[in-house]
Amino acid sequence: HACTGSFQAQVNQHPLQVTSLLAGLTLRPELSTTPCHWVWKVIAEGKVGRKCASIGLFFDRNLPLGTHDLLANPNIKIIYNQTPNGRNIIYHSGHFQSGQLTLLEADIPNRRLRGRLGFSISALDFAVTEGEFDLFCQPA
């Protein structure tokens, strides 16, 4: 779903230049036991320097406002994807050594989503910091 608003983050102190932003509520069909399970999905694609990169954020529609630890949190998944020199690098929240998502607003009727995020894998010298999003999603 197209959306308006902003998504910004620093990847190893370099800004993610967002060129495409998608967000919305979506069903998670892979959870076949609960086919009506809704999640927020945010995909920010762009570049870090000359490398293509994207951040995907998926979390339970019922996630309460406030700060959540990303480690071993079944209700939040984050995927970072980067393609330097044609090689694909994918990190997901199962790999993170630290990270938090702070949900400031998740207004389902008005499709408004605001929050902050950051995560890192210190063993790989990888960190996403100053992540902020403020989005208006189009209805499905």
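Residue numbers start at 1 and run along the sequence shown.
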K.L.:
So, His14 side chain and Val11 main chain: donor-acceptor pair closer than 3.5 Å or not?
P.N.:
no
K.L.:
Hey, mind stepping through Lys47 and Thr19 against side-chain contact (heavy atoms from CB on, under 4.5 Å) and telling me if it holds?
P.N.:
CA-CA 8 Å; Lys47 287 184 177 294; Thr19 55; 5.6 Å; no
K.L.:
State the CD-CD distance between Gln10 and Glu132, to the nearest 0.5 angstrom.
P.N.:
10.5 Å
K.L.:
Once you measure the plane-to-plane angle for Phe126 and Tyr91, does it fall in the parallel (<30°), tilted (30-60°) or perpendicular (>60°) bin?
P.N.:
tilted
K.L.:
Which heavy atom in Pro64 sits nearest to a heavy atom in Leu103, and how many Å separate them?
P.N.:
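Nearest pair, atom of Pro64 first, then Leu103: O-CD2, 3.9 Å.
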K.L.:
May I ask whether Leu113 and Trp38 are part of the same hydrophobic cluster, defined by side-chain heavy atoms of I, L, V, M, F, W, Y residues being less than 4.5 angstrom apart, directly or through others?
P.N.:
yes
K.L.:
Apply side-chain contact (heavy atoms from CB on, under 4.5 Å) to Arg111 and Leu25, showing your working.
P.N.:
CA-CA 8 Å; Arg111 301 275 201 263; Leu25 279 166; 3.8 Å; yes
K.L.:
Testing the basics here: between Gly56 and Ile43, what is the closest heavy-atom pair and its distance to 0.1 Å?
P.N.:
CA-CD1, 4.1 Å
K.L.:
Looking at CG of Leu70 and CD of Gln100, how far apart are the two atoms once the value is rounded to the nearest 0.5 Å?
P.N.:
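It comes to 7.5 Å.
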K.L.:
Within this structure, what is the CG-NZ distance for the pair Leu16 and Lys51, rounded to the nearest 0.5 Å?
P.N.:
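Answer for the CG-NZ pair, Leu16 versus Lys51, is 13.0 Å.
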K.L.:
Do Ile55 and Ile89 belong to the same hydrophobic cluster, where Ile, Leu, Val, Met, Phe, Trp and Tyr are linked whenever their side-chain heavy atoms lie under 4.5 Å apart, directly or via other members?
P.N.:
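As far as the 4.5 Å side-chain criterion goes, Ile89 and Ile55 are connected within one cluster.
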K.L.:
Is Leu57 reachable from Val18 through a run of I, L, V, M, F, W or Y residues, each pair having side-chain heavy atoms under 4.5 Å apart?
P.N.:
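The answer is yes; both residues are in one hydrophobic cluster.
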K.L.:
To the nearest 0.5 Å, how far apart are CZ in Arg114 and OG in Ser6?
P.N.:
10.5 Å
K.L.:
Using side-chain contact (heavy atoms from CB on, under 4.5 Å), reason through Asp125 and Asn12 one step at a time and then give a plain yes or no.
P.N.:
CA-CA 8 Å; Asp125 210 15; Asn12 289 346; 5.9 Å; no
K.L.:
Evaluate the side-chain proximity of Ile76 to Phe58: yes if any heavy-atom separation is below 4.5 Å, no if none is.
P.N.:
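Heavy-atom side-chain distance check fails, nothing below 4.5 Å.
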K.L.:
Any link between Ile78 and Leu104 through a network of hydrophobic side chains (Ile, Leu, Val, Met, Phe, Trp, Tyr) touching at under 4.5 Å?
P.N.:
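No, Ile78 and Leu104 fall in different hydrophobic clusters.
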K.L.:
Working to the nearest 0.5 angstrom, can you tell me the gap between Leu65 CG and Asp107 CG?
P.N.:
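The CG atom of Leu65 sits 10.0 Å away from the CG atom of Asp107.
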K.L.:
Which class fits the ring pair Phe119 and Phe96: parallel under 30°, tilted 30 to 60°, perpendicular over 60°?
P.N.:
parallel
K.L.:
Going hydrophobic residue to hydrophobic residue with side-chain gaps under 4.5 angstrom, can you get from Leu21 over to Val39?
P.N.:
no
K.L.:
Which heavy atom in Ser54 sits nearest to a heavy atom in Glu45, and how many Å separate them?
P.N.:
CB-CG, 3.7 Å
K.L.:
So Leu101 and Leu63, do their side chains get closer than 4.5 Å, heavy atoms only?
P.N.:
yes
K.L.:
To the nearest 0.5 angstrom, please state how far the OH atom of Tyr80 sits from the NE2 atom of His92.
P.N.:
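The NE2 atom of His92 is 15.5 Å from OH of Tyr80, to the nearest 0.5 Å.
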K.L.:
Where do Thr26 and Lys41 come nearest, in terms of heavy atoms and distance?
P.N.:
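Heavy atoms only, the tightest pair is CG2-CB, 3.8 Å.
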K.L.:
Distance only, no hydrogens: is a donor on one side chain within 3.5 Å (strictly under) of an acceptor on the other, for Ser122 and Gln97?
P.N.:
yes
K.L.:
Please find the pair of heavy atoms, one from Val48 and one from Ala53, that lie closest to each other, and give the distance.
P.N.:
CG2-CB, 3.9 Å
K.L.:
Heavy atoms only: give me the nearest Cys3-Leu135 pair and the separation to one decimal.
P.N.:
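Result for this residue pair: SG-CD2, 4.2 Å.
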K.L.:
Could you check if a side-chain atom of Phe59 sits within less than 4.5 angstrom of a side-chain atom of Asn73, using non-hydrogen atoms only?
P.N.:
no
